[in-house]
Protein chains: 2
Amino acid sequence: MKGDFLYQRVYKDLKNSILNGKYKTDSKLPSENELCESYQTTRLTIRQAFEELRKEGFIYKIHGKGTFVKAEKRSLGLLSFKGFSEVVGEGHLVQTRILQKPVCKSFPLIFFEELSETEQEVGCIYLERLRFADQTPVMLEQTYLPNLELSVNTKTTAKLSSICDAPLVNDSLFKTLQIQFEIEVVGLEQAIRAVESEKYIAEMLRIVTKSPILHINRRYITNKSNFFIYSTLYCNTDKYAMSNNF
Amino acid sequence: MKGDFLYQRVYKDLKNSILNGKYKTDSKLPSENELCESYQTTRLTIRQAFEELRKEGFIYKIHGKGTFVKAEKRSLGLLSFKGFSEVVGEGHLVQTRILQKPVCKSFPLIFFEELSETEQEVGCIYLERLRFADQTPVMLEQTYLPNLELSVNTKTTAKLSSICDAPLVNDSLFKTLQIQFEIEVVGLEQAIRAVESEKYIAEMLRIVTKSPILHINRRYITNKSNFFIYSTLYCNTDKYAMSNNF
DNA sequence: CAGTGGTCTAGACCACGAG
DNA sequence: TCGTGGTCTAGACCACTGA
């Protein structure tokens with residue numbers, strides 16, 4: 001968990017208190033000024049923590065009254081850029097099956113923008129994962145990473161393709177990238193469509209071929225400039241809707 | 001346009017400069033400190049303006065380098081809580097056909113949360129609109145507003161059902177609510193599914209019955225506490241995907 | 001190294017809500 | 001009237017980028 005900054009510690013503490021039930025639905029959180037005293041800090045810092053929680057749909061604010069806990073979600077908040085486990089694991093049993101371990105190949109697809117020349121040249125590392133929530137397959141994810149050399153620790157560099165050699169940490173791609181390459185996902189662009197499922201996708205998601213699924217094209221933005229991660233997602237929304245908040 | 005606050009003026013100026021092409025894709029915006037001087041303000045204010053632009057996908061930042069203009073979107077950013085015209089009108093011809101003018105009826109549906117007792121009692125005002133982008137029907141929207149009495153100008157109250165008596169301002173529900181009732185939409189919860197289109201929906205969207213469409217349930221959060229707007233959206237994503245950014 | 005954005009302090013005034 | 005969140009000032013130190 002991120003914890004380098006004070007506002008992230010406040011965020012984490014409050015989030016845990018909400019998830020643990022210390023603060024229940026629609027109950028009032030401590031005011032900004034009270035939290036300033038608790039953490040010996042200023043309002044900006046508390047407000048940064050609140051802003052994170054608000055973005056993730058945990059709280060809402062009412063001017064003049066206070067900050068309150070939102071009702072629990074009944075769907076998977078998968079339209080944000082957090083990792084699958086982080087989002088879904090808050091209230092569901094999470095499993096991942098790796099259908100294709102990371103392998104090198106050429107870039108097969110056009111996503112939102114045309115790929116840069118560099119990206120086309122180096123090709124990509126491809127992997128395919130099937131995600132489960134409470135034993136139900138809900139999402140098939142095909143991921144493409146540009147096969148670049150990346151600087152690590154300001155001095156050394158590492159070939160990203162070394163990720164093909166060892167299993168993922170905790171089955172998590174994002175965690176593996178963070179630990180081995182200091183890559184952090186900081187943003188996301190996505191385009192969402194409703195489409196008929198092809199035979200292969202339908203079999204994986206255990207649904208009838210041609211039944212409607214969500215088709216999502218994503219470009220993840222990272223802390224390394226010009227390094228993007230591309231994903232295509234196929235989601236079965238029969239049991240769980242996809243959700244987000246603003 | 002919102003313009004009461006300095007950060008909103010900065011936001012508006014920068015957004016216009018981007019849309020007008022003064023700042024082109026991937027070109028660098030003035031630094032935070034430069035903008036501080038231009039507007040005779042402090043970094044927090046500039047950062048608030050940047051944060052708005054970042055949320056809407058207009059800019060991205062790179063630590064140590066600067067703030068840059070994002071590439072144009074090629075899909076409709078309709079997963080945010082901005083109004084249809086505001087989001088789609090930036091690059092497309094926008095039209096709205098009112099299929100059902102606002103009428104009073106009882107609440108027919110359960111959305112994310114159960115409705116409050118008050119909401120169940122007062123019933124709702126219902127309207128149905130078909131939205132076009134570049135002459136293509138892209139979205140059918142069914143909207144439900146609790147039929148409450150609302151305080152306006154701190155002293156007087158008005159029945160929301162008076163909205164049934166006159167046509168909408170600019171065909172915009174949000175604008176009408178803002179002008180007549182001082183209601184502002186400040187947030188959004190939504191759950192998204194892929195479903196087969198029913199006959200009526202398909203006819204309206206000019207697609208084949210049972211072809212896949214996006215089904216979105218929304219709860220808009222407003223500046224009036226305990227006043228929510230509920231909408232069900234059916235989206236044809238054949239031509240335009242729905243998009244957002246984080 | 002200078003310039004950039006990221007975090008943070010210690011205040012201030014305001015508009016809103018409720019009693 | 002008082003406490004709340006919303007906006008804003010005028011600084012500060014840091015980590016990152018590129019020359």
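Residue numbers begin at 1 in each chain, while the letters A, B, ... track the order of the sequences. For the numbers below, each heavy atom of this structure counts, side chains included, while hydrogens, waters and symmetry mates do not.
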Measuring from the side chain of [X] (C-beta onward, heavy atoms only), which nucleotide among [options] has the closest atom?
X        : options                : value
Tyr7(A)  : dC8(D), dT7(C), dG6(C) : dT7(C)
Thr45(A) : dG6(C), dT4(C), dT9(C) : dT9(C)
Phe5(B)  : dC8(D), dT4(C), dT7(C) : dC8(D)

Could you state the [atom1]-[atom2] distance from [X] to [N], rounded to the nearest angstrom?
X        : N       : atom1 : atom2 : value
Leu35(B) : dT4(C)  : CG    : C1'   : 13 Å
Gln48(B) : dG5(D)  : CD    : C1'   : 13 Å
Arg47(B) : dG6(D)  : CZ    : P     : 18 Å
Ile62(A) : dG17(C) : CD1   : P     : 9 Å
Tyr39(B) : dC8(D)  : OH    : P     : 13 Å
Asn33(A) : dG5(D)  : CG    : P     : 7 Å
Phe50(A) : dT7(D)  : CZ    : P     : 15 Å
Ile46(B) : dT9(D)  : CD1   : C1'   : 13 Å

Which residue is it: Glu51(A), Glu52(A), Glu56(A)? I am looking for the one with a salt bridge (charged side-chain N to carboxylate O under 4.0 Å, His left out) to Arg54(A).
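Per the salt bridge (charged side-chain N to carboxylate O under 4.0 Å, His left out) rule, the option paired with Arg54(A) is Glu51(A), out of Glu51(A), Glu52(A), Glu56(A).
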
Tell me whether the NZ or CZ atom of Arg219(A) lies within the 45° cone about the ring axis of Phe228(A) and under 6.0 Å from its centre.
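Flagged: Arg219(A) positioned over aromatic ring of Phe228(A).
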
Does Lys105(A) make a cation-pi contact with Tyr126(A) (under 6.0 Å, within 45 degrees of the axis)?
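Yes, Lys105(A) lies over the aromatic ring of Tyr126(A).
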
Using side chain to side chain donor-acceptor pair (under 3.5 Å), reason through Gln142(A) and Thr232(A) one step at a time and then give a plain yes or no.
CA-CA 5 Å; Gln142(A) 299 172 334; Thr232(A) 303; 4.9 Å; no

Tell me every residue that passes side chain to side chain donor-acceptor pair (under 3.5 Å) with [X], counting only those two or more places apart in sequence or in another chain.
X        : answer
Asp26(A) : Tyr60(A)
Thr45(B) : Thr41(B)
Asn33(B) : none

Contacts of Phe174(B) that satisfy ring pair (Phe, Tyr, Trp, His ring centres under 6.0 Å) - sequence neighbours left out
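Counting only residues at least two positions away or on another chain, Phe174(B) forms a ring pair (Phe, Tyr, Trp, His ring centres under 6.0 Å) with Tyr220(B).
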
Audit row: Thr96(A), Arg131(A), side chain to side chain donor-acceptor pair (under 3.5 Å) steps and yes/no
CA-CA 5 Å; Thr96(A) 297; Arg131(A) 316 289 212 149; 3.0 Å; yes

Is any side-chain N or O of Lys61(A) closer than 4.0 Å to OP1 or OP2 of dG6(D)?
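Yes, because at least one side-chain N or O of Lys61(A) sits under 4.0 Å from OP1 or OP2 of dG6(D).
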
Does a side-chain N or O of Thr67(B) approach OP1 or OP2 of dT4(C) to a distance below 4.0 Å, or not?
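Indeed not, no polar side-chain atom of Thr67(B) lies that close.
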
Which atom pairs link the protein and nucleotides 10-12 of chain D when you take only N or O atoms and keep those under 3.5 Å?
from    : atom 1 : to       : atom 2 : distance (Å)
dA12(D) : N6     : Arg43(B) : NH1    : 3.4

Check: protein-nucleotides 1-3 of chain C nitrogen or oxygen pairs below 3.5 Å:
from   : atom 1 : to       : atom 2 : distance (Å)
dG3(C) : N2     : Gly64(B) : O      : 2.9

